[in-house]
Amino acid sequence: MKFVQLKRGLRAGALAASVLATGMAGAPYAMAQAKTSVQLGAIEVLSGPNAKYGVSIKSGFDLALSEINAAGGVLGAPLAIHYEDSAGNKDQAVNAVRKLIGADKVSLILGPTLSGEMFAAGPVANAQKIPIVGTSTTANGITALGNYVFRTSLPESDVVPVTLKAARDKLGVKKVAVMYGNDDAFTKSGYDVMKAALTKLGIETLTTETFGGKDTDFSAQLTKIKAMNPDAIVVSALVQAGAGIMLEKKALGFSDKVRIIGGNGLNSPKIGEIAGAAANGTLVGSPWFVGKQDAANVKFVGAYKAKYNAEPDQFAAQAYDTLFIVAKAITAAGAADPQKIRDALVNVKYSGVLGPSAFTADRNPADTSGVVVLEMEDGKFAPLK
Amino acid sequence: MSAFFANLLFTYQSLIYGLGINAILGLSMYVVLAIGQLSLGQAAFMGVGAYASSLLSVKLGLSFPVVLVAAAGVPAMLALLVSVPTLRLSGVYLAIATIGLGEVLRLFYVNWDYAGGALGLSGIPDRGGFFTIFGTLALLLAAAFAVGRSRIGRAMEAIREDEQAAGVMGIDVPRYKLAALVISAAIAGIAGAYNAHVTAFIAPGDYAFDNAVTILSYALLGGIGSPLGPVFGAFLLTALPELLRPLHDYRLVLNGLIIVSVVIFMPRGLFSWHMRRIGAAK
Amino acid sequence: MTDALLEINHLGVRFGAVQALSDVSFRVEAGTIHGLIGPNGAGKTTAFNVISGLARQTSGQIRLAGVTLDQLPSYRRTRLGLARTFQNIRIFREMSVLENVLTGAHVQTGGSALDILLRLPRFRAAEREGVARARDILQLVGLESRAESGAGDLAYGDMRRLEIARALASNPKLLMLDEPAAGMNPSETQALRDLLLVLKKRGVTLLLVEHDMQFVMQLCEEITVLNFGALIAQGSPQEVRRDPQVIEAYLGTKTAHKLEQKS
Amino acid sequence: MLGQQLLNGVVLGAVYALFALGFTLIFGVLGVINLTYGFYFSAGAFLALYFTQGLGISMMLALLLAGIVTGGIAVILDGLLLTPLRRAKAPELASLMVTLGATLFLYSLMSAYFGTDIRRLPPKVFTNVGFNWLGLHIETSQLLILVTMVVIVSGLGWLTQRTRMGLAIRALAENGTAAQLAGINAGAVTRIVSFLSGGIGGLAGVLIGMNYNAIEPYMGEQMMLKGFAVVIMGGLGNIRGALVAGLMLGVLETLTAGYIGSSLKDAVGFGLAVLTLWVRPVGLFGRATIKRA
């Protein structure tokens, strides 16, 4: 009896294996389509110290997902996202990519959250010819990982020069001090962009100061900067350090005219929440801000608030648009086939809460016309007048 | 059928590689703990191996065996330098000094533009695979057993139990401590090279305090009665986050709970078997 | 007189404000059993620690078979033929009895690291030989039946004997025993005395710290007496027993009482 | 500028010293590197947030309450985790490991529950006011840190040197077994020391969270590395040493950032710690006798 059971078990196993084997040969995507839904994967930082970014992104995806599926999904079937938590760890991000491709058979992967994770996970997806689309990976060199690696977030090099030019032309900023987090890929590459842009715009750099991403004390650097009397301080930092700099700058009695000019990292409502009045006057460039008054954005912000009882940040907005872009590409591809989706993605044009978007030949976002320079006023970013 | 396994291997490749690499790290920790020293520098030595090997691969395109020699040699040399002051220090001082080493190296990588600075080093070629990693692990395990079952293994255990009494047995305690730290650094460096060459990307923050602590927990969870303990501990702690994936946010919570329970209820580790320390039949 | 194995010259040890030993000199002749006695706190264990290299003298000299030991680390002294036991038993409790003795034979055991890694026949032969020798020593101390037991599981008296076996394994010229009879019952003490006499016959010189006066007086040919870190008497058991300073040092204690009765 | 930089340094140093005090106390007396210490720091900040925002208690009272509650947590954790190990005479490494697992557990529980968003004390609860004097600038929260540090240091000094309890604490620190033989209730002293250490950690968390106005679950872990450096420099278990080493580190870091280069700032701490280990392994103020292994 036992033997028979064992034999039956073996046969079932062999059957499953043969199904999977055909799957490997290329048919499963058609099967998946006929079966139920189009499978996407998403790798985000959902636990650990950087979970705030991943959670925002997931919220954006989920909102877009419910809207897409409420409207009938794609290719006549609902869209499904398998979430994998990378915990901000590149090894786990790689594990997740492999699991999504090998076990979940996804047609496309969203994420990972951090540039460092993409540098490790991107090549794996690329080698398997599965498109992988980062929504928050702004470091230099991301899309150079391969033909299947995309990103929808504007790299800093498209945004920062716009901000600095506005500061020079509208506010008469001629000499600045620069501060950047030197132990983080994101803030360091942001600094590289700032340095190049400052030179190009002919703005004088009085001093360049660094700090650690987890530092809380910036008094030494700011005291030194204050003595040099700059027109503005250009800062490449993430929210926590950025807000700390603003608070300390105010505490040290800088004139309000000395503004902070930041990169993408400071483009978060959290800045106003943490730094309060000290954040006023901060300039950032962004394709999006929460108070953007076009119909698509008003609808998005309203729906987001209704669903999560919180204001969306730029990570959520970027994720929200990205899922629509991907859905449009899948529809254009006509099948949940990774190769076809990739080819469709390259050509897809979409207009969402971030304005019009498309990809360049090297799979970076093409449209930078939407970049506006924002100014922090009473805890909210609004366009610089 | 083979496609099924090919798929399985693909899906769990980095997990499987991770098991092997972390087991090697567990062994490197074992070499130090077996002599009663507590080093929290294993992650730092791993990082030195990773950086040294990756730079040679990426910048000079050297062949993998050559790269591996450097991956073992450079951290070993560093260990030699570090051990001069730390050998005089006992227990917790060595632990904290080696934490300092990790932190100093992190700052060094961050400021070292040739090695990519804060951006890290990407595009590391895919070298060494299943057989390299697990072959190394098997070799090291065999070596650990061979050494354990000899006068060297007995001397190490003697030093772990009672340093002074070991000295009275005629054992050159400082030399043993030095050798243990240097060898463990070389082993960690090799693990670092494997890790770098299968994940394609390394960054300064990859070898920080957290990782040192994780490596230590491999050995403590598994127990140090024999070299199998840390290997077993590494397997478990590497597989655990993957097995616990469905728990999402509460994954690390459970991970911590497991470590606490093991230490309190099984203070000698999960795998408390003691190996015989004699290299001949009875 | 000419072939003193151990020579202690003007030894002084100071721990902070405490002068643990001051100007102590004595010689241990080869082939003898030499006693080192004195009331508690006299500095006997300190002397042992300094001779074996676990503590450093602040002045004076130690010579073993003509070699100056002064600043040598303990393992070098062992290699020169010195072995010791500890008052508060310090065996390796997590090893087996046999492994303990083999550890004691560390210096005697051959096999380079390469031999060990490749498990060459040379190495295995050395291990076999080591095990055979260790078993002989265990037989000598009467522990052969416990060879495979965990050392931490032994009875107290057996632990003391294991410590002696471990010390013997290094093939010492001078064996220093710190209260070997402590905690032993009369029959164990008798066995220990026989063992020490056998060792003496085999040419091992013994330096003995012991509180059991009867034991010391019966065994030792020469006795050195310390009190408050200073040498107060030296000589044969008969001489020492009659020494007024010694009697005074022990006066009021049970031992002193015993001493007087015996004389 | 030098005056302001020195003041910046002293304030930063006070932050380090304040954090390190409880850490070094627990090591000095109980002989354990208790990695859960950083958690009390985070927990204190979150508790203060809850007391002021959730219960509407005033800031000063919340500060005190947070210290008391974190002290209590420390006592409970010590009882649950370390007391069983002490009783079983487990090796030193086991205690390190158990606090490690507990740290992982506690931090991740906290971030799973509260999220990892940075929180701040609302302005109506606490607003910093700046004072200017002779061209120097200092804030209320910074003054509060300096004052608290002085109070704690002198309080600990009084407790350990002038009271019977202090005598018991010193005896336990000197030699656990001997203290117990001398009739000291080691359990009670352990609980008191855990309470003090946890309370100091919690207070430090509130004050420092308030000063930088950023409270998040992992804030304690960030402090641990600097804490290690200070405790090494001052000598493990040395309260006066932690104070002086903390201030020294703060001033040197600030001067390095201000006059040499800010990228070297973080290297100062571990550079000094490593130097201390080379030259004087027992720390600047440690006694020359090291405990025998």
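Below, chain A is the first sequence line, B the second, and so on; all start at residue 1. Hydrogens, waters and symmetry mates are skipped; everything else that's a heavy atom, side chains included, is used.
At most 12 non-hydrogen atoms from other residues, nucleotides or ligands lie less than 6.0 angstrom from OH of Tyr50(D). The 12-atom threshold is not exceeded at OH of Tyr113(D), counting heavy atoms of other residues, nucleotides or ligands nearer than 6.0 Å.
When Met219(D), Lys265(D), Glu253(D) are compared by the number of non-hydrogen pairs under 4.5 Å with chain A, Lys265(D) comes out ahead. Chain D forms the most heavy-atom pairs under 4.5 Å with one residue out of Lys226(A), Gln240(A), Met179(A), and that residue is Gln240(A). Between chain A and the residues Gln142(D), Lys226(D), Glu216(D), the most heavy-atom pairs under 4.5 angstrom are made by Glu216(D).
Listed for the Gln4(D) side chain is no donor-acceptor partner under 3.5 Å among the backbone atoms of Thr223(A).
For the atom pair NZ (Lys224(A)) and CG (Asn8(D)), the distance works out to 13.5 Å, reported to the nearest 0.5 Å. Atoms CD and OG1, from Gln221(A) and Thr254(D) in turn, are 8.5 Å apart once rounded to the nearest 0.5 Å.
Using a 4.5 Å cut-off between heavy atoms, Ile274(A) touches chain D through backbone and side chain atoms alike. Proximity to chain A involves both the backbone and the side chain of Tyr212(D), based on heavy atoms less than 4.5 angstrom apart. In this structure, no portion of Glu221(D) lies under 4.5 Å from any heavy atom of chain A. Looking at Asp215(A), only its side chain comes within 4.5 Å of chain D, counting heavy atoms on both sides. At a 4.5 Å heavy-atom cutoff, the contact between Ala251(A) and chain D is made by backbone and side-chain atoms alike.
With no hydrogens or angles considered, no side-chain donor-acceptor pair links Asn182(A) and Ser263(D) at under 3.5 Å.
The side-chain contact (heavy atoms from CB on, under 4.5 Å) test with Asp217(A) is passed by exactly one of Leu12(D), Asn211(D), Ile208(D), Val11(D): Leu12(D).
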